[in-house]
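Notes to accompany the following structure.
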Amino acid sequence: METVLITGASRGIGLELTRQFLALGYSVISTYRGQPSIQLKSLLVHSSLKLYELEVTDETSIANLVAKLSNVQLDILINNAGVIGSDKQSMEAIDSKEWLNTFAVNSIAPLMVSRALLGLLETSAHPRIITVSSQMGSLNRESYGMYAYRSSKAAVNKVMQVLALELKPKGIVVCPIHPGWVKTDMGGKDADITVEESASGIVKLSRSLTIEQSGKFLTWQGTEHVW
Ligand SMILES: NC(=O)c1ccc[n+]([C@@H]2O[C@H](COP(=O)([O-])OP(=O)(O)OC[C@H]3O[C@@H](n4cnc5c(N)ncnc54)[C@H](OP(=O)(O)O)[C@@H]3O)[C@@H](O)[C@H]2O)c1
């Protein structure tokens with residue numbers, strides 16, 4: 001069975017992705033920062049789950065993770081860890097340091113983590129890198145506010161489009177995806193869909209992704225999203 005690595009799995013979409021991939025029989029490597037949540041630890045009843053600490057913005061933490069995975073054939077990487085950023089994101093209130101931190105997590109870390117895991121992905125017959133982005137970064141959708149979050153997701157879309165082009169000759173599929181507006185700590189209780197619905201769409205998509213889809217911005221339902 002294939003192996004999937006999911007970042008930011010203590011809660012929200014990452015936790016539910018862990019549950020659903022385990023239920024399908026995958027070997028799952030899930031990462032958390034600090035300590036794993038009780039919910040994530042409880043999934044260790046599955047012997048096919050391994051948990052490792054990863055602070056995605058810390059290159060030492062990334063290197064420590066890679067060192068622990070030396071013999072793993074990695075089929076799917078899901079860059080899920082993300083932050084909404086400060087609650088002050090209007091033009092009047094935005095803070096440049098907070099903005100940079102949002103970029104570090106949402107835009108830069110997905111490339112640094114992907115780069116570090118490339119050697120393991122190259123041992124797979126069908127390697128895929130999925131980055132959980134957001135339609136809030138779409139340049140074609142005009143909306144107000146949330147400068148830091150929106151710009152960080154627009155940036156990671158571009159990063160993944162460039163990476164897709166670069167990795168296509170190696171047969172590595174790279175797609176940023178919009179997971180829907182999801183009822184998590186980040187999405188809030190008024191969001192459109194449950195975390196189970198979002199994760200099941202992402203799981204289904206990640207199992208069927210082809211090299212022809214590489215470099216496209218997709219939704220959790222498998223449709224193409226405007227950039
Ligand atoms: N929910 C939505 O409606 C929605 C919509 C569009 C896109 N997204 C994207 O979907 C992804 C998951 O969101 P979610 O709704 O599940 O959010 P969430 O419930 O807030 O969970 C975010 C996860 O990312 C982890 N994380 C944050 N910063 C990290 C860092 N520096 N290093 C390692 N892990 C880190 C968190 O760890 P801790 O538990 O330690 O904080 C947490 O496990 C994010 O990329 C988000 O931008 C969500």
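Keep in mind it's a predicted model, so treat the numbers as computed, not measured.
The shortest non-hydrogen separation linking Leu49 to Ser30 is CD1-OG, 3.8 Å. Closest of all the heavy-atom pairs between Phe217 and Ser134 is CZ-O, 3.8 Å. Listed here is the closest heavy atom pair of Asp75 and Ser124: OD1-OG, 2.7 Å. For Ala199 against Glu16, the heavy-atom pair with the smallest separation is CB-CG, 3.4 Å. Contact record, Ala155 with Ser107: CB-OG, 3.8 Å, taken as the closest heavy-atom pair. Of all non-hydrogen atoms in Leu54 and Ser61, the two that sit nearest each other are CA-OG, 3.4 Å.
How far NE2 of His126 is from CG of Leu121: 11.5 Å, rounded to the nearest 0.5 Å. Remark: Glu59 CD to Ile108 CD1 distance equals 10.0 Å, nearest 0.5 Å. A distance of 5.0 Å separates CG of Leu40 from OG of Ser10, quoted to the nearest 0.5 Å. Rounding to the nearest 0.5 angstrom, the gap separating the CZ atom in Arg115 from the CD atom in Glu166 is 10.5 Å. Atom CG of Leu43 is separated from atom CG of Leu15 by 6.0 Å, given to the nearest 0.5 angstrom. The distance from the CE atom of Met160 to the CG atom of Leu167 is 9.5 Å, given to the nearest 0.5 Å.
Under a 3.5 Å cut-off, the side chain of Asn106 and the backbone N or O of Tyr149 do not form any donor-acceptor pair. A donor-acceptor pair under 3.5 Å is absent between the side-chain atoms of Ser198 and the main chain of Thr194, judged by distance alone. Side-chain atoms of Thr219 do not come within 3.5 Å of backbone N or O of His225 as any donor-acceptor pair. Between the side chain of Thr7 and the main chain of Ala81, a donor-acceptor pair closer than 3.5 Å is present. Put simply, the side chain of Arg33 never gets that close to the backbone of Gly8: no donor and acceptor are under 3.5 Å apart. Without hydrogens or angle criteria, Arg19 side chain to Glu196 main chain gives no donor-acceptor distance under 3.5 Å.
Side-chain contact of Thr57 with Glu55: a donor-acceptor pair under 3.5 Å is present, judged by distance alone. Side-chain N/O atoms of Asp87 and Gln89 include no donor and acceptor closer than 3.5 Å. Gln135 and Ser138 share no side-chain donor-acceptor pair at under 3.5 Å. For the residue pair Lys216 / Gln213, no side-chain donor-acceptor distance below 3.5 Å is found, with atom types taken as modelled. Under the 3.5 Å distance criterion, with hydrogens and angles disregarded, no donor-acceptor pair is assigned to the side chains of Ser48 and Ser27. A donor-acceptor contact closer than 3.5 angstrom links the side chains of Asn79 and Ser114. Between the side chains of Asn157 and Ser133, a donor-acceptor pair is found at a separation under 3.5 Å. For the residue pair Trp99 / Ser151, a side-chain donor-acceptor distance below 3.5 Å is found, with atom types taken as modelled. Under the 3.5 Å distance criterion, with hydrogens and angles disregarded, no donor-acceptor pair is assigned to the side chains of Gln221 and Thr223.
Within a 6.0 Å radius of NZ in Lys68, more than 12 heavy atoms belonging to other residues, nucleotides or ligands are found. Few gaps surround CG on Leu24; more than 12 heavy atoms of other groups in view lie less than 6.0 Å from it. Counting heavy-atom neighbours within 6.0 Å of Tyr147 OH, excluding the residue itself, gives a total of 12 or less.
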### Message
Between Leu218 and Glu224, does the side chain to side chain contact (heavy atoms under 4.5 Å, CB included) criterion hold? Intermediate values first, please.
### Response
CA-CA 4 Å; Leu218 301 174; Glu224 218 170 308; 4.1 Å; yes
### Message
Does Leu120 form a side chain to side chain contact (heavy atoms under 4.5 Å, CB included) with Leu117? I'd like the steps, not just the answer.
### Response
CA-CA 5 Å; Leu120 303 183; Leu117 294 170; 3.9 Å; yes
### Task
Go through the steps for Met136 and Arg150 under the test side chain to side chain contact (heavy atoms under 4.5 Å, CB included), then give the verdict.
CA-CA 5 Å; Met136 285 178 71; Arg150 286 186 199 286; 3.7 Å; yes
### Task
Step by step, work out the side chain to side chain contact (heavy atoms under 4.5 Å, CB included) result for Ile76 and Ile129.
CA-CA 6 Å; Ile76 307 173; Ile129 299 174; over 6 Å; no
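Using a 4.0 Å cut-off between charged nitrogen and carboxylate oxygen, Glu2 and Arg128 count as a salt-bridge pair. Under 4.0 Å is where a charged nitrogen must lie from a carboxylate oxygen, and between Glu98 and Lys88 no such pair does.
Looking at Ile62 and Met112, their side chains come closer than 4.5 Å, going by heavy atoms from C-beta outward. Two residues are said to be in side-chain contact when any heavy atoms from C-beta on lie closer than 4.5 Å; Pro127 and Leu74 fail this criterion. Side-chain contact between Glu122 and Ile172: present, with at least one pair of heavy atoms (C-beta onward) separated by less than 4.5 Å. For the pair Ile6/Ile29, no side-chain contact is recorded, criterion being any heavy-atom separation below 4.5 Å from C-beta on. Looking only at side-chain heavy atoms (C-beta outward), Gln39 and Arg11 stay at 4.5 Å or farther from each other. Contact of the Leu17 side chain with the Val203 side chain is registered, since non-hydrogen atoms from C-beta on lie closer than 4.5 Å.
With hydrophobic clusters built from ILVMFWY side chains whose heavy atoms lie under 4.5 angstrom apart, Val159 shares a cluster with Val105. Placement of Leu111 and Ile78 in two distinct hydrophobic clusters is found when ILVMFWY residues are connected by side-chain heavy-atom separations under 4.5 Å, directly or transitively. Both Val56 and Tyr52 are assigned to one and the same hydrophobic cluster, defined by single-linkage of ILVMFWY side chains at heavy-atom distances under 4.5 Å. Residues Val182 and Ile177 fall within the same hydrophobic cluster, defined by Ile, Leu, Val, Met, Phe, Trp and Tyr side chains chained together at heavy-atom separations under 4.5 Å. In this structure, Met186 is not a member of the same hydrophobic cluster as Val195, with clusters built from ILVMFWY side-chain heavy atoms closer than 4.5 Å.
Of the listed residues (Thr131, Val132, Leu163), just one forms a side chain to side chain contact (heavy atoms under 4.5 Å, CB included) with Val156, and that residue is Thr131. Checked against Ile130 for a side chain to side chain contact (heavy atoms under 4.5 Å, CB included), the options Val174, Val173, Leu209, Asn80 give a single hit: Leu209.
For residues 18-44, the ring-ring contact (aromatic ring centres under 6.0 Å, His included) pairs, not counting sequence neighbours, are Phe21-Tyr26.
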